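Here is the structure we will look at.
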Amino acid sequence: MPKLVITKEDVAKTLEAREKLLQKYVKYENTLGHLFTIEHPQNVNYQEALEKARRLNSSYSTHIIDIEAVANHIVGIKKVDDRIKDGDPTVVHEIAQVFHGDKKINHFSFATKYCSFHNPASFPIYDKYLYQVFSQLRSVLDCGPYREETIKQKDWNGEKDCGYLRYKKVYDRFIELYGDAFPSKDYRTIDHYIWTSRKIASMNQENKLAEKYPEPYYLVKSNAINSFMKETH
């Protein structure tokens, strides 16, 4: 299996390129960070929770139609703010599992983002790009069975050894192995690097970003993560 080698230079150039190539997403993140931590840091008021949920849903395209039900569900969770502050991984599953009428839907990725914007030091974001990279590295990360359904755990019923906790352990193992290449060993920085890499890799080479910023665009297209993913597919 090809080996992933991440260097400080590779990370620095990718993170620098992010500011040019993904300006819209950088703006979204900064705005949401202020909304969640400064404007509405708690989840006891329905209207405040609704504004956060709506803005997050639209900015990150989490495709939730009945966002009002989600906001109402969040404010009804017992000690939700204390649990987010304490980094309780089970709160992700509780936020995720929402009844829309008589149907329960698992909004797992949304829930990880919601918790992360409140407490980024304790809650890494889950999305398809991170899952793909960790999945390709599963033997290196020594994470055992690593399946999407195990992580999202739509049938979670209160157990502490939950899917999100297992996902965090995989994420922490990645940081343990590759963290020295990053300016800081935190979830948000790792997320920026991996998400930027895979987002740019998914774009067509003829897009406007390639025309406007050719050097950073093609640098990211061939950085360590994207080169590794290309070799392993």
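These numbers were taken from a predicted model, which means no experiment stands behind them.
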So, taking the atom named [atom1] in [X] and the one named [atom2] in [Y], what distance separates them when rounded to the nearest 0.5 Å?
X: Ser58; Y: Leu32; atom1: OG; atom2: CG; answer: 7.5 Å
X: Tyr193; Y: Arg198; atom1: OH; atom2: CZ; answer: 11.0 Å
X: Ser202; Y: Lys199; atom1: OG; atom2: NZ; answer: 5.0 Å
X: Asp186; Y: His192; atom1: CG; atom2: NE2; answer: 8.5 Å
X: Asn157; Y: Gln97; atom1: CG; atom2: CD; answer: 8.5 Å
X: Glu94; Y: Cys115; atom1: CD; atom2: SG; answer: 10.5 Å

As a test of understanding, state which of [options] forms a side-chain contact (heavy atoms from CB on, under 4.5 Å) with [X].
X: Tyr178; options: Val11, Thr7, Val140, Val5; value: Val140
X: His118; options: Ile84, Val91, Thr37; value: Ile84
X: Phe108; options: Gln153, Lys154, His93; value: His93

Quiz prompt | Of Lys160, Arg83, Glu159, the residue whose pairing with Thr90 passes side-chain hydrogen bond (donor to acceptor under 3.5 Å, both in side chains) | solution = Arg83
Practice problem: Can you sort out the partners of His107 under ring-ring contact (aromatic ring centres under 6.0 Å, His included), two or more places apart, ordered by chain and number? | Solution: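 Residues passing ring-ring contact (aromatic ring centres under 6.0 Å, His included) with His107: His100.
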Counting C-beta onward and ignoring hydrogens, is there a side-chain heavy-atom pair between [X] and [Y] closer than 4.5 Å?
X: Asn106; Y: Trp156; value: no
X: Asp127; Y: Asp191; value: yes
X: His73; Y: Ile77; value: yes
X: Arg138; Y: Ser135; value: yes
X: Phe228; Y: Ile6; value: no
X: Lys20; Y: Lys212; value: no
X: Lys13; Y: Asn223; value: no
X: Pro183; Y: Leu15; value: yes

Ignoring hydrogens, what is the shortest heavy-atom contact between [X] and [Y]? Give both atom names and the distance.
X: Ala201; Y: Lys221; result: O-NZ, 3.5 Å
X: Ala49; Y: Ala71; result: C-CB, 4.0 Å
X: Val80; Y: Ile74; result: CG1-O, 3.9 Å
X: Val98; Y: Ala69; result: CG1-O, 3.9 Å
X: Lys52; Y: Pro41; result: NZ-C, 4.4 Å
X: Lys168; Y: Ser122; result: NZ-O, 2.8 Å

Main-chain N/O of [Y] paired to [X] side chain as donor or acceptor, under 3.5 Å:
X: Ser227; Y: Ala224; result: no
X: Asp81; Y: Gln42; result: no
X: Glu48; Y: Asn43; result: no
X: Asn226; Y: Ser197; result: yes
X: Ser59; Y: Leu56; result: no

Indicate, with yes or no, if [Y] and [X] share a hydrophobic cluster defined by side-chain heavy-atom contacts under 4.5 Å among Ile, Leu, Val, Met, Phe, Trp and Tyr.
X: Ile175; Y: Ile194; answer: yes
X: Tyr146; Y: Leu141; answer: yes
X: Phe36; Y: Val44; answer: no

Quiz item: Any chance the side chains of Thr196 and Thr14 put a donor and an acceptor closer than 3.5 Å?
Solution: no
Quiz item: When you look at Asp161 and Arg166, which way does the salt bridge (Lys or Arg N to Asp or Glu O under 4.0 Å) test go after all the steps?
Solution: CA-CA 7 Å; Asp161 184 22; Arg166 293 192 284 275; 3.6 Å; yes
Can you list the other members of the hydrophobic cluster that holds [X], where links are side-chain heavy atoms under 4.5 angstrom apart?
X: Val75; result: none
X: Trp195; result: Leu21, Leu22, Tyr25, Tyr28, Tyr129, Ile200, Met203, Leu209, Tyr213, Tyr217, Tyr218, Leu219, Val220
X: Ile125; result: none

Exercise. May I ask you to establish whether Arg188 and Phe117 are in a cation-pi arrangement, using a distance under 6.0 Å from NZ or CZ to the six-membered ring centre and at most 45° from the ring axis?
Key: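 Yes, a cation-pi geometry.
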For [X], I'd like to know if atom [atom1] has over 12 heavy atoms of other residues, nucleotides or ligands within 6.0 Å.
X: Glu39; atom1: CD; value: yes
X: Lys27; atom1: NZ; value: no
X: Glu215; atom1: CD; value: no

Quiz prompt | Whether Tyr167 and Tyr164 hold their rings parallel, tilted or perpendicular, with breakpoints at 30° and 60° | solution =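 Taking Tyr164 first and then Tyr167, their aromatic rings sit tilted (interplane angle of 30° to 60°).
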Self-check item: Qualifying residues under side-chain contact (heavy atoms from CB on, under 4.5 Å), relative to Glu148, sequence neighbours excluded
Solution: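 In terms of side-chain contact (heavy atoms from CB on, under 4.5 Å), with neighbours along the sequence ignored, Glu148 is linked to Tyr126, Tyr131, Lys152.
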Exercise. Compute the centroid of each ring, for Tyr114 and then for Phe110, and state whether the two points are separated by less than 6.0 Å.
Key: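 So the answer is yes for these two rings.
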Quiz item: Taking the six-membered ring for Trp, are the ring centroids of Phe123 and Tyr187 within less than 6.0 Å of each other?
Solution: no
Quiz prompt | Glu16: partners by salt bridge (charged side-chain N to carboxylate O under 4.0 Å, His left out), with sequence neighbours left out | solution =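 Result, salt bridge (charged side-chain N to carboxylate O under 4.0 Å, His left out) vs Glu16: none returned.
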Quiz item: Going through the distances and angles, do Glu176 and Lys185 end up as a salt bridge (Lys or Arg N to Asp or Glu O under 4.0 Å)?
Solution: CA-CA 9 Å; Glu176 180 184 343; Lys185 298 181 181 182; over 6 Å; no
Practice problem: Please report the C-alpha distance between Arg18 and Glu29 in whole Å, then the side-chain angles of each, then the deciding distance to 0.1 Å, and finally whether the salt bridge (Lys or Arg N to Asp or Glu O under 4.0 Å) criterion is met. | Solution: CA-CA 12 Å; Arg18 173 179 175 268; Glu29 184 172 311; 3.4 Å; yes
